[in-house]
Amino acid sequence: DINVTVVDINEERIRGWNGDDLSKLPVYEPGLSEIVSKTRGKNLFFSTNVEKGIKSADMIFISVNTPTKAKGLGAGKSSDLKWVELCARQIALLATGYTIVVEKSTMPVRTAAVIKTILFAQQESKNNEENKQTFSVLSNPEFLAEGTAIRDLQQPDRVLIGGEDDKSIDLLLNIYKKWVPENLILRTNLWSSELSKLAANAFLAQRITSINSISSLCESTGADVSEVSKAIGYDTRIGGKFLKSGPGFGGSCFKKDVLNLVYLCHHFGLPEVAKYWENVISLNDWHQEKIAQNVIQKLFGTLSGKKISILGFSFKANTNDTRESPAIKIAKIFLEEGAHLSIHDPQVSKDQICRDLNLSPTERDSNNNDLQIEGSWNYYDDIYKSLAGADASLIITEWDIYKNLDWDKISKLMRNPAWVFDTRRVLDPKIVHKYDINLWQVGKG
Ligand code: UGA
């Protein structure tokens, strides 16, 4: 019984969301196309008519991106609120009647104050006898993770609503109450809600950095990180989730949000706290570089003239998102070392990889074989073709298809001595070791 209209100025995007082929929606997310197919055209609409969308809405969710500022004050750390500000100005100008504006994008603490200032300035100038324009501002951060977004939406751990007046909080709460038990809907003040989102991501990022740091120690001591994480996770105070060592965290949020927290700490005169969180990022960067260096070292200190197959380019499985993917940093190091990379990913497109590496793929000869130029790469639909003639293979994303590969076939395809680097611990060493392949797994001493 609620009409949802998603508006965007990007025509291509909206065309994508309105397209007939539901397997080609702009975002790959398990379960999403089913929801879109059930609701699109009934109570879910996608449109470029931003003006109409704002004018007719009772509640507006600002869901634009808030990237890290590239230049100026706070560059490299604070969020660029350009798009949020533009949205607020447009809403201020066009909204009619009582309108609830909800911060959905992850914002630095006290952004609601900026939105409120813009909205209320306009409210004063617009109001006259016949036109009563009023606004409420709420913070309702999003906690869903890519790859499990639909499950997280349908069964959230909690929903957080921060606001200043009960009326608007109740109106939003009533929507969530339709499928979320009320005891899981938390009401807070605006600032707690904004900070909770940053803090939650910072805690999660810190947890991964913590286990990855232990993983390095495991590799040096002969311990096994999967055994250690199981052992510590059994302590109910620690818990077993989010303790998988890997190639370091990626994704559009963790780095951005931790840096944002760092910026806030500096801003509010807390340099020691800032330093604490900053280390979560630097250790993650170091961990990714260490994985790349380890590959180079095992391949006799040079990648020049060698072919390396990269399996997985997205930052985690079940998404086509490559933002801050560990694959980008690792691939760039290999390219600099003169390797030829054969890249496979079941969902990431060749064009996307091209943009991420800032490098076009290499030419192929008349038999469709790669010209193995130093510091080049190519894209493969077929995993086995990407492995043919490779000196090493690196599994960077934990896609299910990489878990049950034909190692007999692979051992005959790769160049000896062949190396496989499993940064996700998806392989069964007992199977791989049956063939003439060297296996390295993250966190295994
Ligand atoms: C993260 C949070 O988990 C969400 O709660 C939050 O809403 C979202 O950011 C956001 O702010 O938008 P997301 O980045 O989609 O979600 O994915 P995660 O599952 O958190 O994974 C982040 C990175 O950590 C990935 O690179 C993943 O491979 C890595 N990871 C995760 C590990 O290396 N080990 C783990 O045990 C878990």
Side-chain angles (χ1 to χ4, degrees), residues 27-30 32 61 63-68 79 103-108 139-153 155-160 193-216 225-226 228-230 232-233 238-261 280-281 283-285 287-288 291 312-330 345 347-348 395-400 402 422-426 441-443:
V27 171
Y28 171 74
E29 187 64 46
L32 179 63
F61 290 77
S63 314
V64 292
N65 57 341
T66 49
T68 304
S79 279
E103 283 183 335
K104 198 59 167 162
S105 311
T106 303
M107 314 273 195
S139 159
N140 174 222
E142 185 51 68
F143 292 108
L144 54 80
E146 289 181 32
T148 53
I150 303 303
R151 193 192 65 205
D152 298 342
L153 167 78
Q155 294 157 339
D157 284 354
R158 78 319 207 168
V159 167
L160 189 55
S193 171
E194 288 179 327
L195 184 57
S196 300
K197 170 65 197 186
L198 291 186
N201 271 357
F203 268 61
L204 291 169
Q206 177 217 43
R207 210 170 145 87
I208 297 166
T209 291
S210 298
I211 199 65
N212 284 340
S213 72
I214 297 298
S215 151
S216 292
V225 76
S226 54
V228 175
S229 65
K230 187 171 174 187
I232 60 175
I238 297 174
K241 288 185 186 162
F242 237 71
L243 274 184
K244 261 186 102 50
S245 181
F249 60 76
S252 66
C253 301
F254 282 179
K255 187 172 180 185
K256 173 174 77 82
D257 291 351
V258 174
L259 287 175
N260 215 325
L261 200 61
V280 170
I281 301 291
L283 213 59
N284 193 55
D285 288 341
H287 182 74
Q288 294 179 354
I291 287 179
F313 208 80
S314 55
F315 80 96
K316 63 186 276 196
N318 298 319
T319 173
N320 60 352
D321 194 344
T322 60
R323 286 175 292 174
E324 299 292 338
S325 174
I328 301 174
K329 179 177 244 168
I330 294 172
D345 188 287
Q347 287 297 334
V348 179
I395 299 177
I396 303 191
T397 316
E398 72 282 26
W399 287 103
D400 276 346
Y402 302 145
D422 176 10
T423 73
R424 293 285 188 174
R425 301 289 292 258
V426 293
Q441 292 188 294
V442 72

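Whatever order the structure lists them in is the order used to number ligands and atoms, beginning at 1.
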* To do: Report yes or no: do T68 and K255 form a side-chain donor-acceptor pair below 3.5 Å?
  => no

* Asked: Is there a donor-acceptor contact under 3.5 Å linking the side chains of N212 and S245?
  -> yes

* To do: Evaluate the ring planes of F249 and F254, with Trp represented by its six-membered ring, and classify them as parallel (under 30°), tilted (30 to 60°) or perpendicular (over 60°).
  => perpendicular

* Asked: Hey, are E146 and R323 close enough for a salt bridge, meaning a charged N less than 4.0 Å from a carboxylate O?
  -> yes

List, for ligand 1, each N/O atom that has a protein N/O partner under 3.5 Å away, with both atom names and the distance.
from: ligand 1; atom 1: 5 (O); to: F143; atom 2: O; distance (Å): 2.7
from: ligand 1; atom 1: 7 (O); to: E142; atom 2: O; distance (Å): 3.3
from: ligand 1; atom 1: 7 (O); to: F143; atom 2: O; distance (Å): 3.1
from: ligand 1; atom 1: 7 (O); to: L144; atom 2: N; distance (Å): 3.4
from: ligand 1; atom 1: 7 (O); to: L144; atom 2: O; distance (Å): 2.8
from: ligand 1; atom 1: 7 (O); to: K197; atom 2: NZ; distance (Å): 3.1
from: ligand 1; atom 1: 11 (O); to: K197; atom 2: NZ; distance (Å): 2.7
from: ligand 1; atom 1: 11 (O); to: N201; atom 2: ND2; distance (Å): 2.7
from: ligand 1; atom 1: 15 (O); to: E146; atom 2: N; distance (Å): 2.7
from: ligand 1; atom 1: 17 (O); to: K316; atom 2: NZ; distance (Å): 3.3
from: ligand 1; atom 1: 19 (O); to: K316; atom 2: NZ; distance (Å): 2.8
from: ligand 1; atom 1: 26 (O); to: G250; atom 2: N; distance (Å): 2.9
from: ligand 1; atom 1: 26 (O); to: F315; atom 2: O; distance (Å): 3.0
from: ligand 1; atom 1: 28 (O); to: R424; atom 2: NH1; distance (Å): 2.8
from: ligand 1; atom 1: 28 (O); to: R424; atom 2: NH2; distance (Å): 3.3
from: ligand 1; atom 1: 34 (N); to: K244; atom 2: O; distance (Å): 2.8
from: ligand 1; atom 1: 36 (O); to: L243; atom 2: N; distance (Å): 3.3
from: ligand 1; atom 1: 36 (O); to: K244; atom 2: N; distance (Å): 2.9

* By side chain to side chain donor-acceptor pair (under 3.5 Å), which residues pair with S210, not counting sequence neighbours? -> none

* **Rounded distance (nearest 0.5 Å) linking atom OG1 of T423 with atom CD of E398** => 8.5 Å

